[in-house]
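Here is the structure we will look at, set down as structure tokens.
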Amino acid sequence: MVTRPETGGWAPPVPGPPGAGTSSPPLSGSLGQGRGLALAGRTPGPCTPRRGSGGSRGRSPWRTAVSLRRRRRRASVDAGRSARPSVSERGLAGALTMLSRAALSTSRTLVPALGCLGSRQKHSLPDLPYDYGALEPHINAQIMQLHHSKHHAAYVNNLNTIEEKYLEALEKGDITAQIALQPGLKFNGGGHINHSIFWTNLSPKGGGEPKGELLEAIKRDFGSFDKFKEKLTTVSVGVQGSGWGWLGFNKEQGRLQIAACFNQDPLQGTTGLIPLLGIDVWEHAYYLQYKNVRPDYLKAIWNVINWENVTERYMACKKKME
Ligand SMILES: [Fe+2]
């Protein structure tokens, strides 16, 4: 059984009485194997001076005998190496081959994945399902045109720009840059999500009251439709600065819930509620028509709420819970 080659030619001190070293068994076990792996790259020839092996001068006879035995063993080991690789060398070569294959496999997996990110489709401004002037007299065409073609478009463009930068930061592993981009991602991504929902929540054929299961859920969770309307109006008017009033679905409780969000914070991303109906109370949504009187805008918007769309969203939530 060849165990010494695994030590790579290194021999630990051999304590013991005179003569004991000449018949001691070859070292093996974890220490020898570990050393063999660590030193596998070092293959000095039989004449290479070694630290601590400077001859037998001044040594006792038994130490000299041990030293001679080590030299013979080293010569044998090094001669063996020239003919064939040692166990540890073969093991290392195998390990390197495995590592190379793993690296190749990883790169094969990673590169297409990054390529997929790099070739992602950009976000685009959705078309309105009606003309800019279709919601008049409740929301005029000028507001709708600016709101959609300028404000929402800006969120989409900024989101695409930030996502490109975020992708670069991901590829570089630049976590600081990723963190620095996150507020912009939240603001512009939220703006895109919120407005995309908002346009479909409105309709020139809207207004009135919801029907069926949504109306029943509103009565169950708010007492009556009028109470719900009053509560959502109050919450929306009360948003300080810019933000949104929302009717959301709490999937944990299976109930409707009203919430307010600041800025462009997306409802689901910040509260967990699934958005059903959003009311934009940023000044850009009403100032050109209602000036600073937000409550008048809130009174008017109920005339263009698309209850069919809100009901579809509610039913989709219920279906997911089944
Ligand atoms: Fe808006």
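Note that ligands are numbered from 1 as they come in the structure, with each ligand's atoms numbered from 1 the same way.
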Going only through I, L, V, M, F, W and Y residues with side-chain contacts under 4.5 Å, is there a path from Tyr286 to Leu288?
-> yes
With no hydrogens and no angle check, do the side chains of Ser236 and Arg294 hold a donor and an acceptor under 3.5 Å apart?
-> no
In terms of side-chain heavy atoms, does Asn201 have a donor or acceptor partner in Asn309 at a distance below 3.5 Å?
-> yes
Any N/O/S atom, backbone or side chain, of His152 lying under 2.8 Å from the Fe ion (ligand 1)?
-> no
Step-by-step ring pair (Phe, Tyr, Trp, His ring centres under 6.0 Å) determination, Trp307 to Phe225 | CA-CA 12 Å; Trp307 288 113; Phe225 177 71; 5.6 Å; yes
Flag His284 as yes if one of its N/O/S atoms falls below 2.8 Å of the Fe ion (ligand 1), otherwise no.
-> yes
By atom name, which N, O or S atom of His147 is the nearest to the Fe ion (ligand 1)?
-> NE2
Can you tell me the N, O or S atom of Asp280 that's nearest the Fe ion (ligand 1)?
-> OD2
